[in-house]
Amino acid sequence: MPRVRDLLYRFRPLGSPGSATRAGVPADRERALAEELEPVFASLASTLADCRATVEEGRRHAAQIHARDDTGLRQLLASSDARAATARAAAKVQRQAEAGPEAERLGVVTDAQLDALHRRLEDRLPSYREQVAASVEALLASGPQGPVQSGGASS
């Protein structure tokens, strides 16, 4: 009659998978480890889901902060542009008030004087164009003069 130890020895794991032999049963190490760790991973599944939910909540919160800060930044830029325009206008008025009579005495051109100058220029510009065109036509009609001749090389 075989001893118990001999019976149990027949079921010891072998090094490689294969068919059962008298010496033992094939050992499947990966399956044994997976079976051993399966309850651990199953208990961690809820923790993994909680971690994913926390990360997603953080991303949503960050997106809200970005949107709020972006809106705030645009409002700040708009108000600073408005304040800068107001400050420039106030500085211009102050400069004009300070310079007032002194500027006219020194011959500084004001906006009204510039407008008048532009109007005079627009009134006179057509006649100047006509004079220049007539002068160019007269020069072209008289032909080349002097050492420069058209279309030929000098020898």
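On a predicted model such as this, the values are computed, not experimentally measured, just so you know.
- With side-chain heavy atoms closer than 4.5 Å counting as contact, directly or through intermediates, Leu121 stands alone and belongs to no larger hydrophobic cluster.
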Side-chain atoms of residues 47-68: list all donor-acceptor pairs with protein atoms under 3.5 Å, sequence neighbours left out, distances to 0.1 Å.
from, atom 1, to, atom 2, distance (Å)
Thr54, OG1, Asp50, O, 2.8

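- In terms of the salt bridge (Lys or Arg N to Asp or Glu O under 4.0 Å) criterion, Glu36 has no residue partners (sequence neighbours excluded).
- Taking the side chain to side chain contact (heavy atoms under 4.5 Å, CB included) definition, one finds that Val136 meets it with Val132, Leu140, sequence neighbours left out.
- Within the structure, no pair that satisfies the salt bridge (Lys or Arg N to Asp or Glu O under 4.0 Å) test touches residues 80-89, not counting sequence neighbours.
- Looking at residues two or more places apart in sequence or on another chain, you find no side chain to side chain donor-acceptor pair (under 3.5 Å) involving Glu38.
- Sorted pairs that involve residues 118-127 and meet salt bridge (Lys or Arg N to Asp or Glu O under 4.0 Å), not counting sequence neighbours, are lacking altogether.
- Between atom CG of residue Leu37 and atom CG of residue Leu44 there is a gap of 10.0 Å, rounded to the nearest 0.5 Å.
- Hydrophobic cluster membership of Leu33, counting Ile, Leu, Val, Met, Phe, Trp and Tyr whose side-chain heavy atoms lie under 4.5 Å apart directly or via other members: none, as it forms a cluster of its own.
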